[in-house]
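Chain letters run A, B, ... following the sequence lines, proteins first and then strands; every chain starts at 1.
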Protein chains: 2
Amino acid sequence: MPARAKEPLSRDRVLAAALEVADAEGVPAVTMRRVAEVLDCEAMSLYHYVDKKALLAGLTEAVVGEIAVAALDDLPPAADPADWRDVVRRRCLAAREVMLRHPWAPPLVATQPQPPPTVYPLFEALVATMVDAGCGYELAHRAIHSLGPMLLGFTQELFEPTADDEGAASPQAEAMALAMPYLARLAEVAVHEAEGTIGLCDTQAEFEFTLGLVLDGLEAHRRVGAASAVGAASAVGAASAV
Amino acid sequence: MPARAKEPLSRDRVLAAALEVADAEGVPAVTMRRVAEVLDCEAMSLYHYVDKKALLAGLTEAVVGEIAVAALDDLPPAADPADWRDVVRRRCLAAREVMLRHPWAPPLVATQPQPPPTVYPLFEALVATMVDAGCGYELAHRAIHSLGPMLLGFTQELFEPTADDEGAASPQAEAMALAMPYLARLAEVAVHEAEGTIGLCDTQAEFEFTLGLVLDGLEAHRRVGAASAVGAASAVGAASAV
DNA sequence: ACCTGAACACCGTTCAAGT
DNA sequence: ACCTGAACACCGTTCAAGT
């Protein structure tokens, strides 16, 4: 604590403190006064480095940078370029792990006017992998748009079906089951499938499923595009429906 | 104005006022005092119906309800069940149009602890369409997870490459181009493709592309699943790679 | 019953003043 | 130069008081 009070303030120290507060107490707790408290100084001192907007932008930059590093780190450098899907998949899963450690981050990133510059190295690596595997730049561009939301954690749990204690069926739940028979049946099936596992929905498996859908679709486009550059989209549509 | 002051307050009037403020000035402007101003009353009067948390939850409920209505409305009731992809696609695009009119909504929805009940009719319709087309409930379940983020607008623009005035290449931009050759080339290609169009990225086209990837992938799973219920996932992986 | 005035704790931010 | 005390306008919220 005395050591901390000694070293001079800096943008990096301020952002590190903000990250600490966000991880421990969530984004709403990241106030100028709270961050200053962590740094053993007054709120007004922070204004030499950031105002509130810059503080949140810096926090976004930091967490996205952490994602980029994690996604780029743990890779053996792809023996065969044809394995591009596995390389991209592992990068996306590594990104997801970081986001799971910072569950407050996705909505924060989503409210920023610009993506932080720390995403670019990650995008560069993804484009490099795809282009080297024979994807055109047009396809790589679309892939960035398709995968971006998954990389930045926008794909999250939407559907936590209230973990019903079975048996205690509320009259409200019964009314819903009558009005929505398909969803009611789906819930039954989900409960049955989830026997013995942790939650009702296996979000990890569902993330990987969606990711696989996107990657397989992109691969199909790559193959068609490699053969002929024209009419690729419709040809793929026909091919994947076979 | 006098008429407005006359009619008594109600939860619905409060939420309508909040929606008005959000559309006009964004979510941060939705304060108890600002909403009260629109209703010609004092902030404290709102507390008979909502506190701040309930106000934002109600706002989420309202906007997601609007999506659900829009997505369910404009549909001729699907002559052929085999056209399930077209039906689902149109619903997703209708949902997107609503979100584009309320650009403040996605991050708000993302910060809510639970999805609002107003999504359920939409999920019901999607599951019904898929199951009637021969998808199993397991696949329909995964589809909800794959499509949910797209329906609720979590897929948004991440990559607005700063719309550079060409020619005025900053030294910073040049440094980035050297460090990230693939992204630099991708930007060139994107600029070339965008000649004569509005923005650098055609977000509508990119949304539709990703949506098509997901729908085609689901259709491939449906076909394999219809043939044999076991080992569907790996079979599809092989099939879509052909 | 429905609404409100006064008050409290907290927020972002400015600015003149300290060292 | 770097930091701070006092102050301002604005939040969410409580509660006793009005009608």
Side-chain angles (χ1 to χ4, degrees), chain A residues 1-62 104 107-109 111-114, chain B residues 1-62 104 107-109 111-114:
Chain A
M1 204 70 92
R4 201 166 205 176
K6 269 296 175 60
E7 47 188 334
L9 249 35
S10 68
R11 195 184 109 99
D12 280 352
R13 285 194 68 216
V14 171
L15 293 184
L19 190 63
E20 199 178 312
V21 173
D23 279 335
E25 308 168 38
V27 170
V30 180
T31 66
M32 299 300 275
R33 283 171 170 88
R34 181 78 188 85
V35 172
E37 191 182 325
V38 172
L39 293 169
D40 259 323
C41 72
E42 305 301 315
M44 314 82 199
S45 308
L46 306 182
Y47 282 88
H48 289 271
Y49 309 96
V50 288
D51 62 4
K52 185 67 188 299
K53 231 181 65 189
L55 185 69
L56 294 181
L59 203 51
T60 305
E61 205 181 296
W104 47 266
L108 174 64
V109 177
T111 45
Q112 294 305 113
Q114 295 283 339
Chain B
M1 206 70 91
R4 201 167 206 178
K6 270 292 175 63
E7 47 188 335
L9 250 35
S10 69
R11 195 184 108 99
D12 279 353
R13 285 194 67 218
V14 171
L15 293 184
L19 190 62
E20 199 178 312
V21 173
D23 280 335
E25 308 166 39
V27 170
V30 179
T31 67
M32 299 300 274
R33 283 169 169 89
R34 180 79 188 84
V35 171
E37 191 183 325
V38 171
L39 293 168
D40 259 324
C41 73
E42 304 302 314
M44 313 85 198
S45 308
L46 305 183
Y47 282 86
H48 289 271
Y49 309 96
V50 288
D51 62 4
K52 186 66 189 299
K53 229 181 65 187
L55 186 69
L56 293 181
L59 202 51
T60 305
E61 205 181 296
W104 47 266
L108 174 63
V109 177
T111 45
Q112 294 306 112
Q114 293 285 337

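- Here A/Met32 contributes atom CE and A/Glu37 contributes atom CD; the two are 14.0 Å apart, rounded to the nearest 0.5 Å.
- In this structure, CG of B/Leu56 is placed 14 Å from P of D/dC11, rounded to the nearest angstrom.
- Taking atom CG of B/Leu55 as the reference point, atom P of D/dC11 lies 13 Å away to the nearest angstrom.
- Annotation: side chain of A/Val21 is in contact with side chain of A/Val38 (closest heavy-atom distance under 4.5 Å).
- Atom C1' of nucleotide C/dT4 and atom CE of B/Met32 are separated by 14 Å, given to the nearest angstrom.
- The CZ atom of B/Arg34 sits 8.5 Å away from atom CD of B/Glu20, with the distance rounded to the nearest 0.5 Å.
- Nearest heavy atoms, A/Asp51 versus A/Ala54: OD1-N, 3.0 Å.
- Within the model, atoms SG of B/Cys41 and CG of B/Leu9 stand 4.5 Å from one another, a figure rounded to the nearest 0.5 Å.
- Using a 4.0 Å cutoff on non-hydrogen atoms, the parts of residues 41-54 of chain B near DNA chain D are B/Met44, B/Tyr47, B/Asp51, B/Lys52, ordered by number.
- Two residues are said to be in side-chain contact when any heavy atoms from C-beta on lie closer than 4.5 Å; B/Leu55 and B/Leu46 fail this criterion.
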Dot-bracket assigned to DNA chain D with the 3.5 Å Watson-Crick/G-U criterion, [ ] for crossing and | for other-strand pairs, is ||.|||||...|||||.||

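- Between the A/Tyr49 side chain and the A/Val14 main chain, no donor and acceptor come within less than 3.5 Å of each other.
- Nearest heavy-atom pair, B/Pro107 versus A/Thr111, reported as atom, atom and distance to 0.1 Å: CB-CG2, 3.4 Å.
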